[in-house]
Undergrad: 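Just dropping this structure here.
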Amino acid sequence: MAAKRFAACFLRLVLISLLVAYSFSLPLNWRSLNLIKKVNRKGPYIGLITVFPPEETAFFQIGAFKPNQKHPSVDLSGRRFLVGKIHDKKVVYVRCGVGMMNAAAATQQMLDLFDILGIVHFGIAGNANNSLSIGDVTIPQQFSHTGIWDWLNSNRSLNYDEASLDFKRYINVPRGDNLLGHIGFRYEQFFSEYGKANTARPLFWANTTRQWLQVAANLKGIKLKQCLNSSVCLPQKPQLVVGLRGSTANIFVDNAAYRDFLFQTFRVSSVDMESSAVVMTSLSNGFPVIVIRGLSDLAGGQSGNNSIDTFGSLAAINACKVVVQFIKQLHLDTREPGFPRCIQP
């Protein structure tokens, strides 16, 4: 009998040790998991994702976000997810960090762990379209990852369906060959809830959610900020534009020639470093997604210094104004059978 008791106690100690060791090996601690469970009981939520501190400052400056009094935040993997409401719509907000990897990681984490209805991504962007102006807000219907290249030697033939860029068109080499060669733009490999498992399909343009774009189109005419202060104003009133194209890459574009190439080749109106990653991650998981970006600069089309330092904060505030109004107008009834919880791209 004593031996059996000893064996049972020993087994319990082994199991407890294994559980403790396993808990320390998990990427999330038990406290965070328990807190997420409590937060999700009050869901579902609209997921809000912005990028870097000036955009976050603008978001809080608008004053529409009201934090949850009982569970205001959850810390995960170095990021702080804030729980609250905007116009009585429940939201979870996070600042993902600059670049496509940060954007995709934060989006996937939000979709995996929280009870999310869809993703609203917002921030600032460069303007690649001469018909738009700094301060305008764009809500594109399509995004492309224009930073996935084949960089080829100059003696390689170009045979790319979407586009290619030959550096010899831009470089004056007095002697010798252009050693930079040329690049061809590749398709993304897109995995989807709606596709065959472990099988990707080529994708160059990722579409944001049509139903949400229709809601956004009703916001045209929204009053946006024109002046930073009494002495610094934009020459014209900013406008909201819905339905254009956007470009994303891990490149901050501040070059007139490349800006013009992107617009002439792909007809993109905005350039940024995160949106395509957020859109593709959301669509891959079957969730609605929309992107709202304020135009902070001309992406190199200006003479002199980039205007992001001057008008970045204004562009961020204008984007946040549109975000708040979009959420206000978004009708979410999860009990309705036709509710678009999962949208096929």
Side-chain angles (χ1 to χ4, degrees), residues 47 49 51 96 99-114 116-121 125 128 138-152 156-165 182-216 242-251 253 261-293 338-345:
I49 300 176
V51 180
C96 66
M100 297 183 71
M101 184 176 292
N102 277 325
T107 304
Q108 189 65 58
Q109 194 170 35
M110 180 176 279
L111 295 175
D112 282 343
L113 296 174
F114 293 94
I116 297 296
L117 293 169
I119 297 293
V120 179
H121 175 50
T138 179
I139 303 181
Q141 66 174 338
Q142 289 184 312
F143 277 93
S144 177
H145 176 192
T146 53
I148 181 167
W149 301 342
D150 285 345
W151 199 320
L152 309 173
R156 283 280 303 276
S157 61
L158 286 171
N159 185 23
Y160 288 83
D161 294 334
E162 280 298 328
S164 59
L165 188 157
H182 38 235
I183 60 175
F185 290 80
R186 296 177 62 96
Y187 290 88
E188 281 276 12
Q189 292 188 337
F190 182 68
F191 294 86
S192 171
E193 282 281 316
Y194 300 95
K196 185 179 178 181
N198 207 34
T199 303
R201 66 177 174 90
L203 181 71
F204 197 83
W205 294 106
N207 296 319
T208 54
T209 301
R210 179 174 52 84
Q211 293 95 326
W212 284 16
L213 283 172
Q214 291 170 349
V215 175
V242 180
L244 301 178
R245 283 178 166 181
S247 161
T248 300
N250 282 320
I251 302 166
V253 178
F261 169 82
L262 288 173
F263 178 76
Q264 295 297 332
T265 306
F266 303 113
R267 295 295 171 182
V268 297
S269 295
S270 59
V271 291
D272 67 67
M273 300 173 65
E274 297 82 23
S275 294
S276 177
V278 174
V279 171
M280 287 195 63
T281 303
S282 300
L283 296 179
S284 182
N285 288 275
F287 284 83
V289 62
I290 196 168
V291 175
I292 300 171
R293 290 271 185 167
F339 178 76
R341 184 67 180 274
C342 296
I343 303 295
Q344 185 171 358

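Quick note: numbers below take in every heavy atom, side chains included, and nothing from hydrogens, waters or symmetry partners.
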Undergrad: Could you give the distance from OG (Ser144) to OH (Tyr187), rounded to the nearest 0.5 Å?
TA: 10.0 Å
Undergrad: Give the minimum heavy-atom separation between Trp212 and Gly118, together with the two atoms involved.
TA: CH2-CA, 3.6 Å
Undergrad: Report the residues that fulfil side-chain contact (heavy atoms from CB on, under 4.5 Å) with Leu213, sequence neighbours left out, ordered by chain and then residue number.
TA: Ile139, Gln141, Thr208, Val242, Ile290
Undergrad: Return the minimal non-hydrogen interatomic distance between Gly286 and Tyr194, and the atom names on each side.
TA: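 Minimum heavy-atom contact is CA-CE1, 4.2 Å.
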Undergrad: Which residues satisfy the ring pair (Phe, Tyr, Trp, His ring centres under 6.0 Å) test with Phe114, sequence neighbours excluded?
TA: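 Checked Phe114 against ring pair (Phe, Tyr, Trp, His ring centres under 6.0 Å); matches are Phe81.
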Undergrad: The criterion is side chain to side chain donor-acceptor pair (under 3.5 Å); which residues satisfy it with Gln108, sequence neighbours excluded?
TA: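 Per chain and number, Gln108 pairs via side chain to side chain donor-acceptor pair (under 3.5 Å) with Asp112, Asn285.
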Undergrad: Given side chain to side chain contact (heavy atoms under 4.5 Å, CB included), test Glu274 with Arg293 step by step and report yes or no.
TA: CA-CA 11 Å; Glu274 297 82 23; Arg293 290 271 185 167; 3.0 Å; yes
Undergrad: Tell me, please, which residues at least two apart from Ser269 pass side chain to side chain donor-acceptor pair (under 3.5 Å).
TA: Asn129
Undergrad: Do Thr146 and Val271 come within less than 4.5 Å of each other through their side chains, counting heavy atoms only?
TA: no
Undergrad: Would a 4.5 Å heavy-atom cut-off, applied to side chains only, mark Thr107 and Ser282 as touching?
TA: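 Yes; the side chains approach each other to less than 4.5 Å.
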Undergrad: Return yes if some donor-acceptor pair links the side-chain N/O of His121 with the main-chain N/O of Val291 below 3.5 Å, else return no.
TA: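 Pair absent, no side-chain N/O of His121 close to backbone of Val291.
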Undergrad: Rounded to the nearest 0.5 Å, what's the gap from CG on Leu165 to OG1 on Thr265? Could you check?
TA: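 The CG atom of Leu165 sits 7.0 Å away from the OG1 atom of Thr265.
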Undergrad: Please report the shortest heavy-atom distance between Met100 and Ala249, naming the atom on each side.
TA: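 So the minimum-distance heavy-atom pair works out to SD-CA, 4.0 Å.
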Undergrad: Just jot down the side chain to side chain donor-acceptor pair (under 3.5 Å) partners of Glu188, sequence neighbours excluded, or say none.
TA: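 Testing Glu188 for side chain to side chain donor-acceptor pair (under 3.5 Å), a comparison that skips the adjacent residues, returns His145.
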Undergrad: Could you pull out the closest heavy-atom pair between Asn198 and Phe191, with the gap in Å?
TA: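 The pair with the smallest heavy-atom distance is C-CE2, 3.8 Å.
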Undergrad: My understanding is that only residues two or more places apart in sequence, or in another chain, count here; which of them pass side-chain contact (heavy atoms from CB on, under 4.5 Å) with Val268?
TA: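 Checked Val268 against side-chain contact (heavy atoms from CB on, under 4.5 Å); matches are Trp205, Arg245, Ser247, Leu262, Phe266.
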Undergrad: Not counting sequence neighbours, which residues clear salt bridge (Lys or Arg N to Asp or Glu O under 4.0 Å) with Arg186? List them please.
TA: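 Salt bridge (Lys or Arg N to Asp or Glu O under 4.0 Å) list for Arg186, sorted by chain: Asp150.
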Undergrad: Could you tell me which residues satisfy side-chain contact (heavy atoms from CB on, under 4.5 Å) with Ala206, sequence neighbours excluded, listed by chain and number?
TA: Leu203, Val279, Met280, Leu283
Undergrad: Of all residues at least two apart in sequence or in a different chain, which pass the side chain to side chain donor-acceptor pair (under 3.5 Å) check with Thr248?
TA: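 Residues passing side chain to side chain donor-acceptor pair (under 3.5 Å) with Thr248: Asp272.
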Undergrad: Write down the atom of Met110, the atom of Ile116, and the distance for their closest heavy-atom approach.
TA: O-CG1, 3.6 Å
Undergrad: Looking only at heavy atoms, what is the nearest atom pair of Pro140 and Ser270, with distance?
TA: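 In this case the closest contact between Pro140 and Ser270 is CG-OG, 4.0 Å.
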Undergrad: With a cut-off of 6.0 Å (strictly less than), are more than 12 heavy atoms of other residues, nucleotides or ligands near CD of Gln189?
TA: no
